[in-house]
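Structure first, commentary second.
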Amino acid sequence: MTTLADKALLPTGLEDLVPPRAEIEGRAVEAAVGFVAANGYRRIKPPLIEFEETLLGGPGAATGPATFRVMDPLSQRMMGLRADMTIQAARIAATRLNGEPRPLRLAYAGQVLRVKGTQLRPRRQFTQAGIELIGTDTPAADAEVIMLAAGALEHLGIGGVSVDLSLPTLVPAVCRGLGLDDATTESLILALDHKDAGTVAALAGPHGALLGGLMEALGPAERAVAALAGLDLPAEAATLRDRLLAVLDCLNAQDPTLRLTVDPTESRGFEYHSGVAFTVFADGGRGELARGGRYRATLEPPAPLGIPATSGEPATGMTLSMDAITELLPEPPARPRVLVPAATDPALRRRLHGQGFVTLGALDGAADLKAEARRLGCDHVLEGDHPVAL
Amino acid sequence: MAGPPPLLSPIPLEAPMSREKLVIALPKGRILKECMPLIRAAGIEPEPAFDDPDTRLLRFATNHAHIDIIRVRSFDVATFVAFGAAQLGIAGNDVLMEFNFPELYAPLDLDIGHCRLAVAEPVDLSRDDDPTRWSHVRVATKYPDITRRHFAARGVQAECIKLNGAMELAPALGLATRIVDLVSTGATLAANGLVEVERIADVSSRLVVNRTALKTRSQELTGWIDTFRQLTDT
């Protein structure tokens with residue numbers, strides 16, 4: 001028994017998916033990619049592993065600590081296993097597809113690996129499906145991607161979707177406008193991420209009212225918008241806020257029923273984002289189901305502390321966490337299973353498949369076909385050319 | 001936002017669409033006494049068994065059909081709320097610093113449960129100790145993570161021995177030379193021949209909220225945060 005148990009044990013954060021979960025996930029990924037394809041996003045397939053310097057260049061720098069690395073015995077260079085596919089899409093847009101007309105719409109689905117899981121999701125291998133919209137910088141583009149994230153979830157049958165919008169570069173911009181030093185800015189970003197009112201008040205000093213006001217300007221969109229509009233922000237930060245308001249207007253115009261919340265100071269997990277970013281939740285889910293936002297599709301390393309990047313194309317995108325989504329999806333209705341003799345004509349089998357049956361060949365020449373059918377979980381056996389219920 | 005809601009009818013602004021359960025996690029012990037007046041002022045009244053010291057119940061109904069209170073150890077408040085098993089809670093920032101849970105928000109300092117987290121050592125040791133020469137210290141504590149980070153920030157490796165209470169015994173019995181613990185008056189330290197040598201952080205109780213709940217039940221939870229903020233401000 002010990003040896004069997006030894007063989008079953010997987011490294012931390014990795015798991016086997018067995019039926020029906022693996023089937024639900026596979027089906028969900030195809031449905032999600034199909035939904036975005038119908039909206040004009042064409043699929044790319046980057047490799048699982050590539051040179052560390054390209055994988056971790058540009059927006060990828062933020063994923064450095066999460067990336068598994070191996071040495072390539074051929075080129076003797078370090079390679080990284082992707083921890084995020086957005087970076088790869090950005091690289092493809094900037095290189096192989098730089099001649100395509102803009103805006104460029106790309107879709108992808110695949111596996112990513114992370115060195116360490118998160119508190120809510122200790123697993124280290126994830127299934128991602130997502131889109132990138134590259135080469136346009138308008139509120140309408142931000143809204144398109146957000147609508148598609150919410151739309152994909154609804155398409156998969158998930159109800160009670162709510163989108164939380166944030167501005168990861170807002171706090172750095174406010175701090176710059178107020179002339180705060182880098183160390184204070186960094187501590188403030190962290191404290192605001194935790195909505196740690198005590199620490200924010202202590203760090204902000206004379207600016208406590210403004211930064212506290214920013215932190216409290218969260219919640220349902222109407223409430224947050226009213227609070228944000230009333231804040232006297234430095235010029236750069238005010239521009240960011242106005243962009244957020246414009247995106248909210250676009251979203252309201254397109255779908256007034258979409259549940260929107262705002263959290264202007266959230267920046268965790270948005271390390272490479274440069275504009276409106278968002279996280280998608282749903283009732284009953286333990287954590288986030290999708291996230292995305294505006295960034296620069298560049299191959300240059302990002303500037304520290306949210307200084308807006310100037311190189312590269314403006315881009316936005318979203319990634320669906322298919323593992324988290326799959327947990328919320330019900331098992332699909334079981335298809336009837338029919339046991340057929342192994343030598344059954346393939347044309348007959350295809351006809352049965354067309355009628356919605358799953359066919360299983362009786363390989364061991366069972367004497368009692370009905371008993372064999374029951375043992376294998378079939379509810380029909382083939383008699384002549386017709387499936388007969390047991 | 002509309003005008004301030006009346007303090008004794010805290011059902012957030014407009015009633016939320018669904019009446020999903022709201023679980024509030026409160027810490028057992030010292031802090032509980034200090035936070036109950038706030039909970040009651042917010043219009044939440046637990047069932048009578050809550051005040052019965054002999055009760056074996058852990059989960060209590062309240063005067064609101066959809067609100068339950070659970071009473072757990074202070075460290076567990078953070079865990080219950082971080083994982084979404086409870087949506088609201090009250091926890092000291094010592095606990096929040098120790099776990100550093102990304103799924104936990106602490107939007108309000110309730111200004112109760114004040115004390116400090118400090119390093120203490122035997123009086124004799126403190127007399128001729130030179131901290132600049134340390135490369136390694138052995139510390140008995142309930143807060144191994146904070147302790148490690150605190151000493152690492154000045155280039156000292158801390159070997160932590162995790163205890164769940166009675167830290168003050170450790171130096172005298174040779175378990176560790178120093179301790180990191182909560183100090184309020186310092187009387188327990190003095191009684192055990194210890195002296196506070198360094199303050200790591202000032203501690204007070206915070207209202208904590210689960211991140212996902214704050215996003216998906218935004219109206220309801222921001223309503224409660226506002227209610228508690230008004231109670232704390234007055």
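Throughout, a chain's letter reflects where its sequence line sits, starting with A, and its residues are numbered from 1.
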So for A:Asp164, is it side chain, backbone, both, or neither that comes closer than 4.5 Å to the heavy atoms of chain B? side chain
Report, as yes or no, whether the 6.0 Å neighbourhood of atom CZ on B:Arg133 holds more than 12 heavy atoms from other residues, nucleotides or ligands. no
Return the CD to CZ distance between B:Glu103 and A:Arg268, rounded to the nearest 0.5 Å. 6.5 Å
Which pair of heavy atoms, one from A:Gly219 and one from B:Ser218, lies closest together, and at what distance? CA-OG, 3.1 Å
Please classify the contact between B:Leu108 and chain A as side chain, backbone, both or neither, with a heavy-atom cut-off of under 4.5 Å. backbone
Roughly how far, to the nearest 0.5 Å, is the OG1 atom of A:Thr261 from the CG atom of B:Leu221? 11.5 Å
Is the number of heavy atoms from other residues, nucleotides or ligands under 6.0 Å of B:Phe228 CZ greater than 12? yes
So CG of B:Asp226 and CZ of A:Arg223: to nearest 0.5 Å the spacing works out to 4.5 Å
Do other residues, nucleotides or ligands put more than 12 heavy atoms under 6.0 Å from the CZ atom of A:Arg123? yes
To the closest 0.5 Å, what do you measure between CG (B:Leu96) and NE2 (A:His194)? 8.5 Å
Look only at the side chain of B:Arg211 and the backbone of A:Gly287, and say whether a donor-acceptor pair between them is shorter than 3.5 Å. no
Tell me, out of A:Met215, A:Glu288, A:Glu216, who's got the most heavy-atom pairs with chain B below 4.5 Å. A:Glu216
Honestly, the part of B:Ala82 sitting under 4.5 Å from a heavy atom of chain A is both
With a cut-off of 6.0 Å (strictly less than), are more than 12 heavy atoms of other residues, nucleotides or ligands near CG of A:Asp232? no
Please find the pair of heavy atoms, one from B:Thr222 and one from A:Leu218, that lie closest to each other, and give the distance. CG2-O, 3.8 Å
For the CG atom of A:Asp263 and the OH atom of B:Tyr105, what is their distance to the nearest 0.5 Å? 4.5 Å
Need one label for A:Thr279: side chain, backbone, both or neither, based on atoms under 4.5 Å from any heavy atom in chain B. side chain
On a heavy-atom basis, the closest approach of A:Asp196 and B:Arg206 is OD1-NH1, 3.1 Å
Find the distance between OG1 (B:Thr212) and CG (A:Asp283) and round it off to the nearest 0.5 Å. 11.5 Å
Checking A:Ala191 against chain B: side chain, backbone, both or neither under 4.5 Å from a heavy atom? neither
More than 12 heavy atoms of other groups within 6.0 Å of B:Lys21 NZ: yes
